[in-house]
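Each chain gets a letter, A, B and so on, in the order its sequence line appears, and its residues count up from 1.
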Amino acid sequence: MPHHEFDCSKVIPERKQHAVVKGEGEDLTSCLPKGYLNTIPGSISERGCAYCGAKHVIGTPMKDVIHISHGPVGCTYDTWQTKRYISDNNNFQLKYTFATDVKEKHIVFGAESLLKQNIHEAFDAFPEIKRMTIYQTCATALIGDDINAVADEVMAERPDVDIFVCNSPGFAGPSQSGGHHKINIAWLNQKVGTVEPEITSDYVINYVGEYNIQGDQEVMQDYFKRMGIQVLSTFTGNGSYDELRGMHRAHLNVLECARSAEYICDELRARYGIPRLDIDGFGFKALGDSLRKIGLFFGIEDRAEAIIAAETARWKPELDFYAARLQGKRVCLWPGGSKLWHWANAIQEEMGVKVVSVYTKFGHQGDMEKGIARAGVGTLAIDDPNELEGQEALLRLKPDVIFTGKRPGEVAKKMRVPYLNAHAYHNGPYKGFEGWVRFARDIYNAVYSPMHQLSGIDISKDDYATDKGFVTRRMLSDATLPEADRASPLTGYTGKFDPIAALRAKTEADYPEFARKTSTQAAE
Amino acid sequence: MNCEVKVKDRIGTINPIFTCQPAGAQYVSIGVKDCIGLVHGGQGCVMFVRLLISQHLKESFEIASSSLHEDGAVFGACGRVEEGVDVLLARYPHLKVIPIISTCSTEVIGDDIDGVITKLEEGLLAEKYPDREVHLLPIHTPSFVGSMVSGYDVAVRDFVKKFARKGPSNGKINFITGWVNPGDVTELKSLLAEMQIDATVLFEIESFDSPIMPDGSEVSHGNTTIEDLVSTGSATHTFALNRYEGGKAAQFLEKKFKIPSIVGPTPIGIRNTDALLKKLSEATGKPIPASLVRKRGVALDAITDLAHMFLADKKVAIYGNADLVIGLAEFCLDLEMKPQLLLLGDDNSAYVNDPRIKALQEHVDYPMEIVTNADFWDLEDRIKNKGLELDLILGHSKGRFVSIDYDIPMVRVGFPTYDRAGLYRYPVVGYGGATWLAEQMANALFTDMEHKKRKEWLLNVW
C-alpha cells in the first residue's frame with residue numbers, strides 16, 4: 001500500500017492512512033486512502049459542518065424561498081454571501097437570509113415560540129414569497145425544539161405557504177457531507193410528490209446535483225432545452241421549490257455532483273422507478289458524451305450531435321489556443337468533493353494540464369476511487385487534508401497552479417503558487433463548451449501572469465533584466481512554443497464578460513419546436 | 001427629542017449585521033504571536049470564520065477546531081479538546097498559546113473547558129511537554145450571548161487576565177486598539193511615535209498586510225507577544241480606544257492592578273483624534289509635537305476642500321460595530337453631514353446609556369434614529385417601504401445589496417470589507433483616517449453624480 005506519510009503528520013500516525021501516491025502499475029486495489037472518517041481535533045482540517053452542507057451547499061441555491069436558520073445569528077451570517085450561486089429571480093436567495101436569533105433565555109426556556117413568531121415576521125416582510133426552508137443548528141438541536149411541529153402549525157394558520165424543515169445540526173457527521181445526505185432524504189420524504197407538475201415534453205428530466213455556480217445550470221439548461229427536453233426541476237441551483245416538489249414525474253434523473261446529491265437520485269429510483277444517469281458538464285469530451293447519453297436514453301441522439309457539432313466548431317479553436325500553451329503545466333487539484341474527479345482527467349486530456357495532486361475535504365472513498373482512477377502515476381491523493389500537509393505538499397510538488405478554496409488560495413499565494421477558485425470559480429461559468437474555454441482562459445491567465453513572474457525576483461540578489469517596460473502573457477507563454485502554434489491568429493477567448501445575460505434574454509421562440517409524439521406513440 | 005434610541009421592533013433577524021461571539025475571540029487570537037486558537041464546537045464555527053477573516057484581510061492564518069461530531073454532542077466532548085491541544089503542540093513547535101474558545105453547542109452540553117485546562121496542565125503538559133512554554137486559557141463565547149463585538153471584548157479581557165503580572169512600572173501605556181485594520185494600527189503607531197510614547201499595542205495585527213516574498217516564505221501573523229501581555233500588568237495607564245472592544249480588559253487592569261484606564265474616544269475624525277492626543281499627553285506628560293499640528297493641518301486642508309461644498313447636509317446611514325458607528329456619526333456631524341440612521345447590530349443594553357449617544361440625543365436638531373439589535377432589514381425596510389432617503393451608506397460589505405439594489409452610494413468601512421480592494425490597508429482612525437474617510441465619501445458621491453447624471457457637470461470646475 002503506497003501510503004504517503006507527511007513529515008508534519010508523523011505525530012498523528014492515523015493520518016498516514018489518508019494519503020497515497022499512485023505508483024506505476026497501481027490501481028484502486030492497492031492505493032486508496034481512507035475517507036469520510038471523523039476529523040482529528042486540532043489538525044486544522046478544512047472541513048465545514050453538517051449544517052453548512054445542508055443549508056449553505058444544497059438548500060440555499062433554491063431561489064424562491066425564505067431560508068431561515070433556527071439558532072443564534074452566527075450560523076446564518078457566516079453562510080451568507082460566501083457563494084456564487086446565482087438565480088434568475090434577481091438573486092433573492094443570495095441576498096436575503098434569516099435567523100431566528102436564539103439568545104440565552106431561549107436556550108433555557110425553549111425557542112419554539114420564537115421560531116413561530118420569526119416565521120410569521122419573515123412571510124410578512126416578503127409577502128410575495130410563499131415558501132420557506134427551516135434549518136436546525138447545533139444549539140436548537142441540543143435544546144430539542146420540535147421544528148416540524150411549529151412548521152405544521154404555521155402551515156395550518158397560513159394555508160398559502162409551504163415550509164420544509166431540515167434537521168441537520170453542525171455536529172451531525174464528520175463534515176458537510178453529512179448535511180448533504182440529510183437534506184436529500186428530508187426533501188424526498190417531506191416534499192417530493194406533493195405537487196403535480198405540468199408535463200410539456202416527451203422527454204422530462206430532473207437536473208440533480210447542480211448549483212448554478214456563476215450560471216452553470218443556466219448553460220446546461222440551455223442545451224437541454226435546445227434538445228427539446230423539459231427540465232422539470234433542478235436540485236437545487238436556480239431551482240424552484242414547487243418544481244422540486246414535482247420531481248417524481250421525471251423520466252430521468254440527470255446527476256451532476258454525485259457526492260452531494262446521489263442520495264435523492266437513488267431514492268427516486270427506488271421509490272418512483274426513475275433511472276439515474278450520471279453526467280458531467282465539464283470538458284468537451286465529457287460534456288459531449290453526457291449530452292449523447294441523454295440523447296440515447298430518449299432516442300434523440302441527433303439533437304445532441306447537432307449541439308455538440310455547433311458548439312465544438314465555435315469554441316474548440318479557442319480551447320486549443322490555450323491547450324497549446326498549457327501543455328505540461330502541473331496543478332494541485334484541491335477542491336471540496338466531486339470536482340477532483342470531474343476535472344482530473346478532462347484538464348489533462350483537453351488542456352494538457354497535469355494533475356500532480358488531488359484532495360478532497362468532504363468526499364468519500366468513492367470520490368477518491370474515481371479521482372485516483374482518472375489521475376496519472378505519481379499523483380498524491382489526500383483525504384481531509386490539513387493546513388501543514390497542504391503546505392508540505394506544495395513545497396514538495398511545486399505546482400504551476402492550484403485549484404482550491406479562497407482561504408487555502410491565500411496560503412498558496414504567499415508560497416507563490418497562482419490560485420483559481422475551485423468552488424466559486426474565478427470568471428465562470430465553467431460548465432458548457434464556452435465555459436470550459438473560460439476555465440482554460442483563467443488557468444492561462446493565472447499561470448502566465450507577468451506579476452507572478454515578477455514576484456519570484458529578488459531584486460537584492462538576482463541579476464534581472466531591465467530591457468523591457470512590460471511583458472505580456474503571450475510573450476511568456478509563447479517563448480518556447482513551436483512556430484506553428486506561435487503563429488496562431490487567435491488571441492484567446494472571445495466571449496463576453498457575462499455570458500449568462502444572453503441566455504436569460506432568450507424566449508421560447510428562440511428554441512426549436514419539436515412535435516410531441518401522439519399519446520399512442522408515447523405509450524409504445 | 002429628535003434623536004430616538006429604539007430596539008428593533010421585530011424578534012427575528014433578516015440579514016444580520018454581526019456574526020456571533022466566537023468570531024470576535026478568533027479575531028483577537030490571530031493578533032497574538034505563537035498562538036493558535038482551538039474553537040470547541042462544530043467545524044463550521046471555525047471554517048467560516050477563517051473564510052470571513054481571510055476574505056477581509058486577503059491573508060491566511062491558523063485557527064483550529066475540536067471538530068465536535070455527534071458522539072461528542074451526546075456524551076460530552078472534553079476529550080476532543082485534550083486531543084486537539086496535543087495535536088497542535090505536537091505539530092506546531094513554535095506554538096506557545098492556545099486559547100480554548102467555546103461555542104453555543106459546547107456551552108449547551110456543558111463541557112467544562114476550565115476543568116479540561118487544569119487537567120491538561122497537570123497531565124499532558126507536565127508529562128509530554130515538560131520543557132515547553134505552553135499557556136492554555138479558556139474563553140467562554142457562547143453564540144447565543146452578545147455578538148462578535150462582545151466576543152472580541154471578552155477575549156481581550158481573558159488574554160490580559162491570563163497573562164498580566166504586576167512588576168515594577170515598565171513606563172509604557174497599554175494601548176488596546178479594538179477591532180481595527182492593519183492600516184489603523186499603522187496610523188495609531190505613528191501617532192504614538194510622534195508623541196514619543198512607549199506603548200504596548202494590543203492586539204497587534206499590522207503585519208497582516210504582508211508581502212509575497214521571492215522565496216515564498218512569508219507567513220502572516222499577529223505581533224502581540226506573551227511578554228507584551230505579561231507586561232500589561234506593569235503599565236502606567238491603559239487606553240482602550242473602543243469602549244465595547246477592549247473596555248472590559250481596561251476595567252480588569254484597573255481593578256486588579258490599579259492601572260488607571262482611559263476608555264475612548266474612538267479616534268475617528270479630527271475632534272476625536274484631538275481628544276485622544278490630549279488624553280495621551282495628560283497621562284504621559286509628553287507634549288503634542290509640532291509635527292502632529294502639521295499632520296492635523298494636512299488633514300484639515302484636505303477636508304476643507306470637501307466639507308461645506310460637497311458633504312454638508314448629505315444624509316447618511318451607518319451600521320456596524322457600535323464604537324465605529326458612533327465615531328463615524330460624530331465625524332459626519334463635524335463634516336456638516338446628517339446621519340439619519342445608526343444601526344448597532346446587537347442587544348448590548350449599555351448602548352442606550354453611552355454618553356456619546358446621550359450627546360447625540362441632546363444636540364441633533366433633525367430626526368435621527370438609533371436602532372439596537374438591528375439587522376439590515378431595519379435599513380432596507382425604511383428605504384423600501386418607509387420613505388427614508390439617503391445620499392450615502394457607511395458600513396461593511398454584508399450590506400452591499402442595499403446599496404446596489406437601491407442605487408445608494410456606499411463607502412465600505414468596518415469589518416468585513418471583502419468586496420473592495422485593499423481597504424484593510426487604510427486607516428479610519430487618526431488624522432490620516434479622517435482624510436481618507438472624507439475623501440472616500442466625497443469620491444463616492446462624485447461617482448454617483450456621474451453615474452446618475454445628477455449635476456454631473458459640477459466637477460468641471462473645482
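Using a 4.5 Å cut-off between heavy atoms, A:V411 contacts chain B through both its backbone and its side chain. Heavy atoms closer than 4.5 Å to chain A are found in the backbone of B:F18, but not in its side chain. Neither the backbone nor the side chain of B:D419 comes within contact range of chain A; no heavy atom of the residue lies under 4.5 Å from a heavy atom of that chain. Looking at A:A125, the atoms closer than 4.5 Å to chain B (heavy atoms on both sides) sit in the backbone and in the side chain alike. Residue contact with chain A, scored on non-hydrogen atoms closer than 4.5 Å, involves the side chain of B:I36 exclusively. At a 4.5 Å heavy-atom cutoff, the contact between A:N386 and chain B is made by side-chain atoms alone. For a residue to count as touching a neighbouring chain, one of its non-hydrogen atoms must lie under 4.5 Å from one of that chain's; by this rule B:A23 does not touch chain A. Proximity to chain B (any heavy atom under 4.5 Å) is shown, for A:Y51, by neither the backbone nor the side chain. For A:E46, the part sitting under 4.5 Å from any heavy atom of chain B is the backbone (N, CA, C, O) and nothing else. At a 4.5 Å heavy-atom cutoff, the contact between A:S9 and chain B is made by backbone and side-chain atoms alike. Residue B:L52 touches chain A through its side chain alone, counting heavy-atom pairs closer than 4.5 Å.
The side-chain heavy atoms of B:W377 and A:F126, taken from C-beta on, include a pair separated by under 4.5 Å. Side-chain atoms of A:R47 and B:M47, non-hydrogen and from C-beta on, never get closer than 4.5 Å to each other. Contact annotation: the side chain of A:D101 never approaches that of B:I11 to less than 4.5 Å [non-hydrogen atoms, C-beta and beyond].
Closest non-hydrogen pair, B:S66 versus A:P41, comes out as O-CB, 3.6 Å. For the pair B:P16 and A:T97, the tightest heavy-atom approach, listed with the atom from each and the gap, is CD-CG2, 3.7 Å. Scanning both residues, B:S105 and A:C138, for their nearest heavy atoms gives CB-CB, 3.7 Å.
Counting heavy-atom pairs closer than 4.5 Å to chain B, the top-ranked of the candidates A:I107, A:I457, A:T100 is A:I107. Most heavy-atom pairs under 4.5 Å with chain A: of the set B:S397, B:P22, B:S217, B:S65, this distinction falls to B:S65. For chain A, the option among B:L57, B:V219, B:N373 with the highest count of heavy-atom pairs below 4.5 Å is B:N373. Of the listed residues (A:K105, A:K413, A:H56, A:Q176), the one with the most heavy-atom contacts under 4.5 Å to chain B is A:K413. Of the residues considered (B:C104, B:C45, B:A73), B:A73 shows the highest number of contacts with chain A, using heavy-atom pairs under 4.5 Å. Counting heavy-atom pairs under 4.5 Å between each of B:D215, B:D347, B:V46 and chain A puts B:D347 at the top. Per-residue counts of heavy-atom pairs under 4.5 Å with chain A were compared for B:M148, B:K58, B:H40, B:K384; the largest is that of B:K58. For the set A:Q391, A:Q117, A:E121, A:R416, the entry with the most heavy-atom pairs within less than 4.5 Å of chain B is A:E121. Options B:Q21, B:R50, B:E218 differ in how many heavy-atom pairs under 4.5 Å they form with chain A, and the most are formed by B:R50. When each of A:K10, A:K103, A:M415 is checked for heavy-atom pairs under 4.5 Å with chain B, A:K103 comes out on top.
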A:I40/B:S67 under side-chain contact (heavy atoms from CB on, under 4.5 Å): CA gap, chis, key distance, verdict: CA-CA 7 Å; A:I40 299 168; B:S67 297; over 6 Å; no
Intermediate values then yes/no, side-chain contact (heavy atoms from CB on, under 4.5 Å), A:V73 and B:T19: CA-CA 6 Å; A:V73 82; B:T19 185; 5.6 Å; no
Worked check of salt bridge (charged side-chain N to carboxylate O under 4.0 Å, His left out) between B:E59 and A:K414: CA-CA 9 Å; B:E59 295 291 338; A:K414 282 285 188 285; 2.7 Å; yes
Worked verdict on A:E387 versus B:Y92 for side-chain contact (heavy atoms from CB on, under 4.5 Å): CA-CA 11 Å; A:E387 190 81 355; B:Y92 290 87; 3.8 Å; yes
side-chain contact (heavy atoms from CB on, under 4.5 Å) between A:Q81 and B:Y418, intermediate numbers included: CA-CA 11 Å; A:Q81 290 188 5; B:Y418 49 79; 2.9 Å; yes
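A donor and an acceptor atom, one from each side chain of B:Q43 and A:T39, are located under 3.5 Å apart. With hydrogens and angles left out, the side-chain atoms of A:N118 and B:R10 include no donor and acceptor closer than 3.5 Å.
Interatomic distance, CG of B:D71 versus CG of A:N38, reported as 6.0 Å (0.5 Å rounding). One finds the OG1 atom of B:T106 at 11.5 Å from the CZ atom of A:F171 (value rounded to the nearest 0.5 Å). Note that NE2 of B:H69 is 9.5 Å distant from CG of A:L37, once rounded to the nearest 0.5 Å. Rounded to the nearest 0.5 angstrom, B:C20 SG and A:D78 CG are separated by 6.0 Å. Between B:L51 atom CG and A:H423 atom NE2 the span is 9.0 Å, to the nearest 0.5 Å. Atom CD1 of A:I44 and atom CG of B:L38 lie 9.0 Å apart (nearest 0.5 Å).
Contact check on B:E380 versus A:K95 returns no salt bridge, with no Lys/Arg side-chain nitrogen under 4.0 Å from an Asp/Glu carboxylate oxygen.
More than 12 heavy atoms of other residues, nucleotides or ligands lie within 6.0 Å of NZ in A:K116, so this atom counts as buried by the packing criterion.
Judged purely by atom type and a 3.5 angstrom limit, B:R91 uses its side chain to pair as donor or acceptor with the backbone of A:S43. The closest donor-acceptor contact from the side chain of B:K398 to the backbone of A:Y77 lies under 3.5 Å.
Taking non-hydrogen atoms and a 4.5 Å limit, the residue list of residues 75-86 of chain B in contact with chain A, ordered by number, reads B:R80, B:E83, B:G84.
Checked against a 6.0 Å centroid threshold, the rings of A:W80 and B:F48 do not count as neighbours.
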